[in-house]
Amino acid sequence: MSAKIQSLRGFNDILPEQTALWRRLFEAVQQVMDAYGYREIKLPLLESTDLFRRSVGEATDIVEKEMFSFVDREKASISLRPEGTAGCVRAGIENGLLHNQQQRLWYQGPMFRHERPQAGRYRQFHQVGLEAYGMLGPDVDVEILALCARLWKRLGLNDIRLEINSLGTPETRVRFRDALVEYLSARIDRLDADSKRRLYTNPLRVLDSKDESTREVLLHAPKLADLLDAESREHFAAVLAGLDALSIDYVINPNLVRGLDYYSRTTFEWTTDQLGAQGTVCGGGRYDGLVSLLGGGEVPAIGFAMGVERLILLMQQQVQLPDLGSPEVYFCWLGDATFVQAAQLAEQLRDAGLRVQLNAGGGAFKAQMKRADRCGAGIALILGEQELAQGVVQVKSLRGGEPQTEVAWTELVPGLQARLAGPISA
Ligand code: ATP
Ligand code: MG
């Protein structure tokens with residue numbers, strides 16, 4: 001007996017009953033991106049491992065322990081993308097989209113991270129990401145936050161809160177880092193093991209620590225806000241004023257710090273209390289240094305990535321969804337002689353834009369009606385040998401109480417259209 005083959009841990013099947021929500025989400029994403037003039041870019045799932053080492057950074061969780069990396073047949077190290085920004089910048093430079101230009105781009109698709117699977121955290125997950133190049137802000141910073149807020153509204157999602165902070169310039173952060181390292185080194189005994197290590201590899205990440213003793217030490221640590229340069233202060237104030245003007249609520253979170261050198265100024269997360277520990281549905285910020293780090297010259301940039309599965313979980317809690325994709329009409333046919341006519345009529349109905357499921361695999365009348373009921377259609381059509389001889393079909397309502405009627409083939413399209421537009425099946 002052979003062992004049962006199962007999916008890989010953290011790699012999920014997304015079944016048809018869920019895909020209606022996915023479709024609803026991506027329709028909204030498309031509409032909102034269009035509304036702000038962002039254009040979709042499609043990027044490869046595999047890139048050279050070096051790209052992520054250089055852009056995401058060696059001292060991050062992602063590169064340290066979460067990447068799916070392989071040696072390919074040419075003995076090169078390649079990785080399944082853990083995020084989309086690196087590939088987007090690579091593609092922008094390679095295709096000459098960035099130098100002296102403005103670009104508003106978005107992408108979506110699967111990302112891969114080898115982390116411990118739990119609710120809202122998977123090894124293959126999906127992101128919708130956005131990147132805006134060539135604009136220093138603060139106007140575009142406000143724009144992309146307004147875009148997020150519009151998306152939540154369009155999806156019918158409440159309780160998503162904006163947390164925002166400014167990281168200043170890289171120079172500000174060098175000063176902050178030095179001050180932080182000095183402060184923490186003097187209190188190193190009270191830090192957890194991860195934080196001790198990070199103190200020397202990536203000290204700003206200590207600010208993310210969930211350890212109680214470390215958190216206590218951090219309470220009195222130097223604050224980045226106190227070290228901000230004047231221009232960054234002005235930039236941040238303008239972003240907040242823009243949010244106020246557009247009535248977008250926010251909370252300033254001084255501990256919201258991304259630990260990479262190329263991040264600068266605006267940084268933000270959208271979070272919810274409805275998803276337990278995995279409450280961040282979107283994270284992003286300004287990364288003015290990255291394009292140059294990857295060889296593309298000085299190009300200011302800002303972007304975000306949202307976790308699709310987490311948004312879907314929220315939609316499951318909060319959104320009433322009418323059945324989107326199911327057939328409107330189930331077509332029963334009885335007796336071998338009727339198939340050709342039934343298939344032709346079904347094609348005519350589809351030509352007219354109706355969603356039609358034509359019975360297949362035989363079955364007695366009762367079995368076919370059961371399928372009709374199960375598939376969610378509002379109307380069943382029945383073509384038996386008698387109807388074939390008379391050029392008609394029976395039209396039977398599966399939901400409302402309308403009486404069964406007999407309709408001539410020539411009247412079928414307008415008859416069904418009227419019926420589907422009517423109050424009962426609408
Ligand atoms: P977290 O702190 O939850 O690990 P992160 O900082 O690693 O998040 P980002 O790299 O900023 O996340 O990715 C943006 C978004 O993608 C996150 O806010 C989250 O919604 C989603 N996301 C990240 N990792 C996963 C995952 N393993 N499974 C599902 N969604 C994820
Ligand atoms: Mg993570």
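Both ligands and their constituent atoms are indexed starting at 1 by order of listing. Sequence positions, counted from 1, serve as the residue numbers for this chain.
Remark: F68 CZ to M111 CE distance equals 14.0 Å, nearest 0.5 Å.
Neither the backbone nor the side chain of D61 comes within contact range of ligand 1; no heavy atom lies under 4.0 Å.
Between Q348 and L412, every side-chain heavy-atom pair lies at or beyond the 4.5 Å cut-off. Residues V257 and N165 have side chains in contact (heavy-atom distance under 4.5 Å, counting atoms from C-beta outward).
The ligand atoms of ligand 1 that sit less than 4.0 angstrom from a heavy atom of C282 are 18 (O).
Heavy atoms of E83 stay at 4.0 angstrom or farther from ligand 1. Under the 4.0 angstrom criterion for non-hydrogen atoms, Q278 is not in contact with ligand 1. Assignment of E309 to the shell around ligand 1 is not supported, since no heavy atom sits closer than 4.0 Å.
Relative to atom 29 (C) of ligand 1, the option among G279, G120, G284, P117 with the closest non-hydrogen atom is G120. Here the shortest heavy-atom distance to atom 14 (C) of ligand 1, taken over Q127, M111, Q118, belongs to Q127.
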Let's go through W106 and Y38 carefully: what are the C-alpha distance in whole Å and the side-chain angles of both, what is the deciding distance for ring-ring contact (aromatic ring centres under 6.0 Å, His included) to 0.1 Å, and is it a yes or a no? CA-CA 6 Å; W106 73 278; Y38 283 74; 9.4 Å; no

Acceptor/donor pairs from residues 8-20 side chains to any protein atom, 3.5 angstrom cut, sequence neighbours excluded:
unit_1, atom_1, unit_2, atom_2, d
Q18, OE1, L15, N, 3.4
T19, OG1, P16, O, 2.9

For residues 289-309, run the donor-acceptor check on the side chains, cut-off 3.5 Å, and write out each pair with its distance to 0.1 Å, sequence neighbours left out.
unit_1, atom_1, unit_2, atom_2, d
E309, OE1, H126, N, 2.9
E309, OE2, H126, N, 3.3
E309, OE2, H126, ND1, 2.7

